[in-house]
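Taking it in order: structure first as structure tokens, then the write-up.
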Amino acid sequence: MKKNNKMSDEVIPNVGTTKQDVTFKKRLWVIIPVILLVGLISILIYNHHAEFTWSGFVSGFNQEFLVFFCIGVFAQLVDGTLGMGYGATSTSFLLAYGVPPVVSSTGVHVAEMFTTGASAISHHRFGNINKKLVKHLLIPGVLGSITGAYLLSDIIDGDVIKPFIAVYMIILAVIIIKKALVKNIVKKKTKRLDILASFGGFMDAVGGGGWGPIVTSTLLGRGRNPRYTIGSVNAAEFAVSFASGITFMLFGGIHGWQVIMGLILGGVIAAPLGAYLVNKIKRKPMMIAVGILIIILSLKTLSKLL
């Protein structure tokens with residue numbers, strides 16, 4: 001009997017926790033996003049149920065919904081495989097399609113609360129997450145995103161600082177492409193991850209995107225493994241997006257349900273595929289693709305401001 005009890009409470013060497021504790025901690029990486037998403041859905045339904053009717057729900061599944069759904073799929077594939085670009089990609093497509101800026105901004109932020117949750121779960125499922133890195137990025141990123149969302153709602157104009165972000169990202173893109181072309185990339189320690197995460201979260205909320213381009217680009221430029229970098233940054237992005245999304249909802253409300261639902265469904269469906277492709281895409285072409293994507297998006301941002 002004593003032997004059996006000893007076996008059941010086996011301690012993992014150098015960790016000091018039982019196997020049951022380790023299993024529970026692993027499950028938390030899935031349980032927490034699921035609980036938050038279910039809670040969010042419940043709150044949205046409770047606060048906005050009067051706005052929905054069965055006829056309106058059915059009529060909403062039309063050609064426009066299909067367009068928003070496809071935008072959600074494509075944007076999530078870009079973000080899931082390259083670790084960046086969901087906000088910039090989806091917003092660009094929505095504005096080009098004629099969706100008003102206010103509706104597109106609200107739709108993207110609310111949709112990201114769901115798509116990043118699905119992406120985080122998917123990356124965890126495929127073993128793409130460095131939990132230590134996530135913990136370093138999580139709290140500073142959330143604080144930065146809340147601060148940025150609050151300031152954008154009441155004080156500053158996000159368009160004023162967009163040129164500086166664009167120039168910064170172009171420089172990072174050149175560094176990443178250069179690193180990809182070098183045969184032996186020397187990994188360098190990234191200092192002050194808290195500052196990087198705070199800045200990325202802040203700029204993401206203020207500029208409508210930037211968590212991936214700023215945080216992922218910097219980490220890849222320092223020689224970190226793309227697979228674990230992208231998976232970890234995406235996992236932390238769930239908390240960052242959730243915090244900024246809640247803040248925007250509190251200050252600005254919700255608009256454009258058809259846009260939101262299309263982006264959410266498309267993004268959630270594409271999230272597992274994006275996480276799967278991270279394991280299949282080789283390091284060199286992935287880094288080059290990341291660099292090219294950042295340059296294109298940054299030049300597009302600058303062209304609108306000139």
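Residue numbers run from 1 in the order of the sequence given.
Residue S145 comes nearest to A205 through the heavy atom pair O-CB, 3.4 Å, listed as atom of the first residue, atom of the second, then distance. Of all heavy-atom pairs spanning D194 and P140, the tightest one is O-CB, 3.2 Å. Nearest approach of Y150 to T247, heavy atoms of both residues: N-CG2, 3.9 Å. Here the closest non-hydrogen pair linking L143 and T147 is O-OG1, 2.8 Å. Between A235 and I129, the shortest heavy-atom contact is CB-CD1, 3.8 Å. Taking both residues in full, the closest heavy atoms of R227 and F126 are given as NH2-O, 3.2 Å, listed atom of the first, atom of the second, then distance.
Counting only heavy atoms from C-beta outward, the side chains of F65 and L265 approach each other to under 4.5 Å. Looking at V110 and E112, their side chains never come closer than 4.5 Å, going by heavy atoms from C-beta outward. Residues L137 and V233 have side chains in contact (heavy-atom distance under 4.5 Å, counting atoms from C-beta outward). M113 places a side-chain heavy atom less than 4.5 Å from the side chain of I246. Considering only heavy atoms from C-beta on, L220 comes within 4.5 Å of P226 through its side chain. Counting heavy atoms from C-beta outward, T216 and N234 have side chains that stay 4.5 Å or more apart. No side-chain heavy atom of L133 sits less than 4.5 Å from a side-chain heavy atom of Y228.
Interatomic distance, L66 CG to I71 CD1, rounded to the nearest 0.5 Å: 10.0 Å. Rounded to the nearest 0.5 angstrom, L273 CG and L77 CG are separated by 5.0 Å. Distance check: L219 CG to L193 CG gives 6.5 Å after rounding to the nearest 0.5 Å. Interatomic distance, T116 OG1 to F242 CZ, rounded to the nearest 0.5 Å: 9.0 Å. The CZ atom of F74 sits 14.5 Å away from atom CZ of F69, with the distance rounded to the nearest 0.5 Å. Atoms CG and CG, on L94 and L263 in that order, are 5.5 Å from each other to the nearest 0.5 Å.
L151 and W211 fall within a single hydrophobic cluster, where Ile, Leu, Val, Met, Phe, Trp and Tyr side chains are chained together by heavy-atom contacts under 4.5 Å. Under a hydrophobic clustering in which Ile, Leu, Val, Met, Phe, Trp and Tyr are joined whenever their side-chain heavy atoms come within less than 4.5 Å, directly or via other members, I195 and V240 fall into different clusters. In the hydrophobic clustering of ILVMFWY residues, with side-chain heavy atoms under 4.5 Å counting as a link, I296 and I177 come out together. When the side chains of ILVMFWY residues are joined at heavy-atom separations under 4.5 Å, either directly or via intervening members, V142 and F199 end up in two distinct hydrophobic clusters.
With S244 contributing its side chain and S241 its backbone, the two residues share a donor-acceptor pair below 3.5 Å. Between the S119 side chain and the T115 main chain, no donor and acceptor come within less than 3.5 Å of each other. Here the side chain of D204 pairs no donor or acceptor atom with the backbone of G200 at under 3.5 angstrom.
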Test log, rule side chain to side chain contact (heavy atoms under 4.5 Å, CB included), inputs L181 and I288: CA-CA 8 Å; L181 298 177; I288 293 175; 4.1 Å; yes
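With a 6.0 Å radius and a threshold of 12 heavy atoms from other residues, nucleotides or ligands, I139 has its CD1 atom at or below the threshold.
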